[in-house]
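Shown next, in structure tokens, is the structure this report addresses.
Residue numbers start at 1 and run along the sequence shown. What's counted below: heavy atoms across the whole structure, side chains too, no hydrogens, waters or symmetry copies.
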Amino acid sequence: MSERFLADPAATEALAARLAASQPGRAVVYLAGDLGAGKSSLARAWLRELGVRGAIKSPTYTLVERYPLPGGGEAVHLDLYRLSAAGELDFLGLDELADQARLWLVEWPDRGAGALPAPDLRVGLAVQGAGRLARLQAASPSGAAWLERLAK
């Protein structure tokens, strides 16, 4: 596990840049933390680093937003806060994304337990004073290698 203090939005953007630059070709990332912890801010900055242009909408109400990536494939950003049961994911067409999505950013993944692809990386965010504490934990061999690249 790796911990990083994010003092301000610029530090969050810098972490997103490092994660984007070091991520494997395909990755599933679970984002956890209380409301207002910075999950959507990190996801938005990450998508920008991957080359997504135009509006990056929060999936709070739509549950899923899809973004074509310049190098091919797409990124998927899910916010499952409003889900009452994991079975509701069946109606979102996530099965078709399994082959297309190069990156999954999943907020509130516990609400989709059993219906989501397994994570490579878990990112926990918590408010700490005026900043945020980010805890990064590998959840697969690919995630472990990713954290090693990130540490260099």
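Under the 4.5 Å side-chain heavy-atom criterion for ILVMFWY residues, a single connected hydrophobic cluster contains both Leu83 and Val76. Hydrophobic cluster membership differs between Leu147 and Tyr30, with clusters built from Ile, Leu, Val, Met, Phe, Trp and Tyr side chains linked at under 4.5 angstrom. In the hydrophobic clustering of ILVMFWY residues, with side-chain heavy atoms under 4.5 Å counting as a link, Val106 and Leu15 come out apart.
Under the side chain to side chain donor-acceptor pair (under 3.5 Å) criterion, Arg82 pairs with Tyr61, sequence neighbours left out. Applying the side chain to side chain contact (heavy atoms under 4.5 Å, CB included) test to Ala37 and every residue at least two apart in sequence or in another chain returns Leu125. Judged as a side chain to side chain contact (heavy atoms under 4.5 Å, CB included), and not counting sequence neighbours, the contacts of Arg102 are Leu69. Under the side chain to side chain donor-acceptor pair (under 3.5 Å) criterion, Gln23 pairs with Trp46, sequence neighbours left out. By the side chain to side chain contact (heavy atoms under 4.5 Å, CB included) test, Ala32 pairs with no residue at all, sequence neighbours left out. In this structure, Trp108 has no side chain to side chain donor-acceptor pair (under 3.5 Å) partners at least two apart in sequence or on a different chain. Residues satisfying the side chain to side chain donor-acceptor pair (under 3.5 Å) test with Trp104, not counting sequence neighbours, are none. Every residue meeting the side chain to side chain contact (heavy atoms under 4.5 Å, CB included) condition with Ala27, not counting sequence neighbours, appears here in chain and number order: Pro24, Leu103, Asp120, Trp146.
A pairwise comparison of heavy atoms in Val64 and Pro59 identifies N-CB, 3.9 Å as the closest pair. Listed here is the closest heavy atom pair of Arg132 and Gly36: NH2-O, 3.0 Å. Between Arg122 and Pro119, the shortest heavy-atom distance links the atoms NH2-CG, 3.7 Å. Summarising the geometry of Val28 relative to Pro117, their closest heavy-atom pair is CG1-O, 3.8 Å, with the distance given to 0.1 Å. Residues Ala75 and Leu47 come closest through the heavy atom pair CB-CD2, 3.4 Å. In plain terms, the two heavy atoms of Leu31 and Ala43 that are nearest each other are CD1-CB, 4.2 Å.
Sorted by first and then second residue, the salt bridge (Lys or Arg N to Asp or Glu O under 4.0 Å) pairs involving residues 55-73 (not counting sequence neighbours) are Lys57-Glu65, Arg66-Glu74, Arg66-Glu96. Annotation: ring-ring contact (aromatic ring centres under 6.0 Å, His included) contacts involving residues 114-135, sequence neighbours excluded, are absent. Under the salt bridge (Lys or Arg N to Asp or Glu O under 4.0 Å) criterion, no residue pair touches residues 24-36, with sequence neighbours excluded.
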Residues 1-14 side chain polar contacts: donor-acceptor under 3.5 Å, at least two apart:
unit_1, atom_1, unit_2, atom_2, d
Glu3, OE2, Arg135, NE, 2.7
Asp8, OD1, Ala10, N, 3.1
Asp8, OD1, Ala11, N, 2.9

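Note that NE2 of His77 and CG of Leu105 are 6.0 Å apart. Values are rounded to the nearest 0.5 Å. For the atom pair CG (Leu19) and CG (Leu50), the distance works out to 10.0 Å, reported to the nearest 0.5 Å.
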*Under the side chain to side chain contact (heavy atoms under 4.5 Å, CB included) rule, what do Tyr81 and Glu107 come out as? Steps first, then yes or no, please.*
CA-CA 7 Å; Tyr81 180 74; Glu107 298 184 41; over 6 Å; no
